Amino acid sequence: MDIPSDFQSHADRIEADDAELRRQIDKVVEGLRAKDLEALKQLYTTDIVSFDVEPPLQHVGIAAKLQNWAKVFLFFETVTYEVRDLTFTVDGNVAFGHAFARLRGTLKNGAAASGMWVRVTYGMRKIDNTWLIAHDQVSVPLDIASGKGVVDLEP
């Protein structure tokens, strides 16, 4: 059975976009390991909206997003960021993805911090042929009875 060329080119574009999206998330991992705010800045839209695990409810703009990462670098001597089960759905110049992620490393005092697994969602936009993170959300499950986040789960 022959596959129509327009279908094949569409499938090829989706596959290429998926690969590029994954490379962008790999660059986040690398930027965090290197504690390189300038490298991280290149991966986000200037108007990023981030729903991170720490207050306030939202962090708006690239400066606010980089400030969150700068706080991480203040506490950690070494940083490891692990992403598992990353999945993207792509349509044209927008994509969304979800994964599990864990930030861990060595604290400034030398203690090892194993981190916690969180859920992360990415909203991506292709701008000038480059995929950038326009929105991210990090969350932990909530134990409704106690009102506390559950931070000891693993994927």
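Keep in mind that what you see is a predicted model, and the values were worked out from it rather than measured.
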Check your understanding: Does the side chain of Leu107 come within less than 4.5 Å of Phe76's, by heavy atoms?
Key -> yes
Point to revise | Sub-4.5 Å side-chain heavy-atom contact between Phe100 and Val83 | key: no
Check your understanding: Do Leu86 and His98 touch side chain to side chain, with heavy atoms closer than 4.5 Å?
Key -> no
Point to revise | Within one Ile-Leu-Val-Met-Phe-Trp-Tyr cluster: Val138 and Leu32, side-chain cutoff 4.5 Å | key: yes
**Study point:** Side chains of Met124 and Val94 in contact at under 4.5 Å (non-hydrogen atoms)
**Key:** no
**Study point:** Phe96/His135 under ring pair (Phe, Tyr, Trp, His ring centres under 6.0 Å): CA gap, chis, key distance, verdict
**Key:** CA-CA 9 Å; Phe96 71 89; His135 174 72; over 10 Å; no
Point to revise | Donor + acceptor pair across side chains of Thr45, Asp47 (<3.5 Å) | key: yes
Exercise for review: To the nearest 0.5 Å, tell me how far Arg125 CZ sits from Ile48 CD1.
Suggested key: 10.0 Å
Revision key, fill the gap. Between Val140 and Gly149, the two heavy atoms sitting closest are CG2-CA, 4.0 Å
Review point. For atom CG of Asn109, is the number of surrounding heavy atoms from other residues, nucleotides or ligands below 6.0 Å larger than 12?
Key: yes
**Study point:** Enclosure of Phe75 CZ (heavy-atom neighbours >12, cutoff 6.0 Å)
**Key:** no
Practice item. Taking all heavy atoms of Leu142 and all of Val150, pick out the closest pair and write down the distance. Key: C-CG2, 4.3 Å
Check your understanding: Do Ser146 and Asp143 have side-chain N/O donor and acceptor atoms under 3.5 Å apart?
Key -> yes
**Study point:** Residues forming a side-chain hydrogen bond (donor to acceptor under 3.5 Å, both in side chains) with Glu20, sequence neighbours excluded
**Key:** Arg23
**Study point:** Main-chain N/O of Gln67 paired to His59 side chain as donor or acceptor, under 3.5 Å
**Key:** no
Exercise for review: Answer with yes or no whether the side chains of Arg119 and Ser139 bring together a donor and an acceptor at under 3.5 Å.
Suggested key: yes
Review point. Considering residues, nucleotides and ligands other than Glu15, do more than 12 of their heavy atoms fall under 6.0 Å from its CD?
Key: no
Review point. Would you find a donor on one side and an acceptor on the other, under 3.5 Å apart, between the side chain of Glu82 and the backbone of Arg102?
Key: no
Check your understanding: Within a reach of under 6.0 Å around NZ of Lys41, are more than 12 heavy atoms found that belong to other residues, nucleotides or ligands?
Key -> no
Point to revise | Within-4.5 Å side-chain heavy-atom neighbours: Trp131 and Val90 | key: yes
Review point. Hey, is CG on Leu74 packed in by over 12 heavy atoms from elsewhere, all under 6.0 Å?
Key: yes
**Study point:** Distance in Å, Asn129 CG paired with Asp17 CG, rounded so as to fall on 0.5 Å steps
**Key:** 9.5 Å
Point to revise | Minimum heavy-atom distance between Ala101 and Val120, given as atom pair plus value | key: CB-CG1, 4.1 Å
Check your understanding: Taking all atoms of both residues into account, what is the closest heavy-atom pair of Arg104 and Ala113, and its distance?
Key -> CB-O, 3.1 Å
Check your understanding: Do you reckon Phe73 sits in the same ILVMFWY cluster as Tyr44, going by side-chain contacts under 4.5 Å, direct or chained?
Key -> yes
